[in-house]
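Chain naming here is simple, since letters A, B, ... match the order of the sequence lines and numbering starts at 1 in each.
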Amino acid sequence: MADGAQSDAFVAFEHVQKSYDGVSLVVKDLNLSIAKGEFLTMLGPSGSGKTTCLMMLAGFETATHGEIRLAGRPINQVPPHKRGIGMVFQNYALFPHMTVGENLAFPLEVRGMGKDERESRIKRALDMVQMGAFAHRRPAQLSGGQQQRIALARALVFDPELVLMDEPLGALDKQLREHMQFEIKHLHERLGITVVYVTHDQGEALTMSDRIAVFNDGKIQQLAPPADLYERPDNSFVAQFIGENNKLPGTIEELSGGKALVRLATGEVIDATPVNVTAKGQATLVSVRPERVEFKPEMMPQGAHMIDAEVLEVIYMGDILRARLKVAGTEDFVMKMRNTLGQTRLDAGQKIKVGWHPQDARALDPV
Amino acid sequence: MAEMLTTADGIPLKAALARAQSRARRKALFLVLPLLIFTLLSFVLPIGAMMARSVHNPEFVASTDRGTGAVTPIMQNLKGWFDANPLGTEPDEAAYAALVADLAHLQETKASGSAGTRINYDLPGTLSLFKSGARGAGKLEPPFKESLLADDARWGDPKLWQAMRAATAGVTADFYLAALDRTRAADGSIVQAEENRQIYIKLFLRTFGLSALITFVCLLLAFPVAHLLATLPMAKSNLLMILVLLPFWTSLLVRTSAWMVLLQEQGVLNDSLVGLGLITEDQRLAMMYNTTGTIIAMTHILLPFMILPLYSVMRTIKPSYVRAARSLGATSWTAFRRVYLPQTLPGIGAGGLLVFILAVGYYITPALVGGASGRLISNMIADHMNDTLNWSLAAALSAILLAAVLILYWLYDRLVGIDKLKLG
């Protein structure tokens with residue numbers, strides 16, 4: 001699906017701009033369409049404008065310019081309580097003076113729903129997050145993970161078609177976070193709701209999303225499914241922000257037919273796939289994922305360029321071994337090796353040759 | 001059976017724990033000791049002494065020399081007769097003989113003022129009776145009943161005898177009765193005071209009513225200000241906070257007199273209204289030296305005590321609560337009423353309690369701007385302390401005030417919970 005206005009988009013941002021002070025733009029000309037039933041993640045560093053976008057969609061901020069549409073209807077002038085959007089907040093925002101049951105009843109009461117239907121819906125929502133036995137507790141009596149589930153149940157109890165989540169797992173510990181990622185993902189699949197999820201955790205974004213919008217500097221840098229984003233980053237920012245990346249500075253020597261020759265700082269010439277370089281002689285950053293780097297000649301992929309490297313240190317990380325190498329003048333070149341039984345153990349100071357498939361070396365803009 | 005746990009060197013674990021903790025406890029006690037002593041000396045003891053005075057007044061049976069502090073027993077003969085004869089006994093010749101002997105003794109010891117003043121609290125006008133009675137007592141001949149009554153018939157008043165009997169008792173509730181507009185009839189039963197002397201209950205009610213009104217007005221005014229303070233960015237809210245606190249740094253008298261300048265009949269506000277033609281010269285509003293003046297000035301002075309606890313509570317309420325309510329479908333009014341307001345209750349409770357308690361005991365402002373209708377119970381207590389010198393009645397009034405405040409505090413604890421109180 002392409003950017004920009006589409007009549008079948010469930011949520012659409014069209015040329016949306018936002019400024020808080022009238023001097024600088026926090027969101028610069030945002031165009032984004034989200035399909036019904038999609039799980040879209042807005043990923044970016046803090047201050048990149050992702051939360052502002054979410055707040056505009058929820059109705060807590062007004063767009064300075066542009067239009068936001070929900071199910072084809074412009075909602076710029078619609079107050080938050082009439083948008084019918086469920087929202088999970090960063091610190092859950094469970095009402096501390098109400099029990100869990102009362103928290104869940106709140107959206108139903110303000111919609112004037114009768115007591116019987118309220119109770120059956122609350123029960124259903126609580127069962128959905130496996131919290132059926134907690135209706136009479138206060139939020140303060142629950143653990144972080146339980147509060148998270150309640151917040152989720154509260155955002156879903158009135159059957160909204162769109163649910164916004166603002167870093168909902170940020171306060172949980174790692175294990176619980178990973179567990180909740182799967183639960184949210186499964187809930188999304190089961191209920192068929194549209195989810196817009198904001199996070200600065202790339203692992204979370206990759207795990208859960210159908211598509212990820214990487215934000216930086218008020219703009220979407222790339223909008224793509226997780227695999228595309230990881231394997232085919234459009235620019236240096238995305239390459240560096242998603243996962244770990246080795247960067248080799250160089251200049252374009254030759255550019256033709258989807259292939260580029262890049263001369264590195266130390267004079268070696270390597271093959272690379274051009275992404276957003278356009279001309280010969282242009283400065284570039286070649287990015288290579290650490291897990292795509294190989295050093296055993298028999299494992300080397302076809303057409304790989306071999307290049308001299310010196311092992312600076314090897315860090316034992318359990319499932320993998322992580323070697324820091326000196327490659328083409330760069331001292332923080334990282335190579336990841338699986339910790340298999342027959343894995344060759346490298347030592348600091350050892351001279352080796354490393355290589356990678358030209359497709360895995362992407363010539364990007366120099367930042 | 002588990003064997004007794006010991007530390008590495010064989011001391012029972014419990015003993016070792018107690019020893020380790022007692023050291024910490026002793027240290028903590030030393031740290032709070034100065035304040036403890038200060039509180040005891042400056043707060044508990046004076047209040048205790050005052051309470052004691054409200055039920056115990058020995059002026060009738062013991063005269064204290066103001067210069068030396070020496071205490072002389074007086075009226076001992078009469079006290080002996082009261083002790084020997086139960087309540088309701090008609091004063092006989094022996095009683096009058098005792099009275100005359102005591103009056104003569106009063107003259108010798110120059111103590112007629114002390115005894116007379118004490119009876120005067122209960123029966124106004126009796127101070128002069130005692131003074132003249134003491135002067136003439138030496139010349140009286142038996143039978144004393146006839147001669148004393150011939151001298152002044154008021155000595156036969158059963159109320160006087162009742163008052164004297166009550167005054168010889170060591171401990172008395174009479175001051176509390178007086179503070180509640182009650183008095184004792186001649187036979188000792190409790191009756192309402194005369195119509196024109198029933199002032200205290202009315203004054204108590206007015207004090208509590210006005211305090212409640214002032215607390216409510218303070219709440220109405222403070223709530224939006226506190227909300228603004230809590231939501232504005234730091235730099236702006238600090239500036240606003242200085243404006244809120246400014247009155248604290250100004251003398252209470254200056255602030256009160258400023259209101260007098262503004263509100264009096266020839267004051268700034270009335271002059272402006274007349275100048276603008278909104279009212280005519282003879283319609284000038286009376287906003288000073290009455291209840292209105294007291295309410296305006298006290299509300300202004302007590303406002304910060306409402307703003308500060310509210311502010312400290314509101315600052316901790318994250319905006320995401322109201323946002324959550326809005327996103328769940330609540331209008332801004334519903335979100336305020338059902339989500340924001342309940343969370344400010346600890347602040348409302350603290351501010352309300354603080355302002356109400358301060359208002360109940362407020363003294364300077366009502367004295368200056370209250371006139372006759374704006375006087376509160378505290379002004380009456382001050383009168384008794386300074387003018388009539390009836391300290392026991394002042395103490396009884398204060399004790400009732402204290403009890404009322406404590407009851408209020410207890411009610412608050414039962415309804416809301418003291419642990420939810422947040423003073424800042």
Problem set entry | Among the listed options A:Gln90, A:Met98, A:Lys82, the residue most often paired with chain B at heavy-atom distances under 4.5 Å |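 Top option by heavy-atom pairs under 4.5 Å: A:Met98.
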Tell me whether the count of non-hydrogen atoms from other residues, nucleotides or ligands lying under 6.0 Å of [atom1] in [X] goes above 12.
X	atom1	value
A:Tyr20	OH	yes
A:His186	NE2	yes
B:Lys236	NZ	no
A:Gln77	CD	no

For this session: Rounded to the nearest 0.5 Å, what's the gap from CG on B:Leu328 to CZ on A:Arg111? Could you check?
Result: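 Answer rounded to 0.5 Å: 7.5 Å.
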Exercise. In Å, rounded to the nearest 0.5 Å, how long is the span from CE of A:Met87 to CZ of B:Arg326?
Worked result: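 Nearest 0.5 Å value for the CE-CZ distance: 13.5 Å.
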Exercise. With a 4.5 Å heavy-atom cut-off, do B:Ser327 and A:Phe89 have their side chains touching?
Worked result: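 They are in side-chain contact.
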Exercise. Side chain, backbone, both or neither: which part of A:Glu109 has an atom under 4.5 Å from a heavy atom of chain B?
Worked result: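 Just the side chain, heavy atoms under 4.5 Å.
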Exercise. Does A:His97 use its side chain to pair, donor to acceptor, with the backbone of B:Arg338 at less than 3.5 Å?
Worked result: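 Between the backbone of B:Arg338 and the side chain of A:His97 there is a qualifying donor-acceptor contact (under 3.5 Å).
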Exercise. Taking all atoms of both residues into account, what is the closest heavy-atom pair of B:Gln343 and A:Pro96, and its distance?
Worked result: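 Distance-wise, the nearest heavy atoms are OE1-CG, 3.3 Å.
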For this session: Considering non-hydrogen atoms only, spot the tightest contact between A:Leu94 and B:Tyr321 and give its length.
Result: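 Taking every non-hydrogen atom into account, O-CE2, 3.1 Å.
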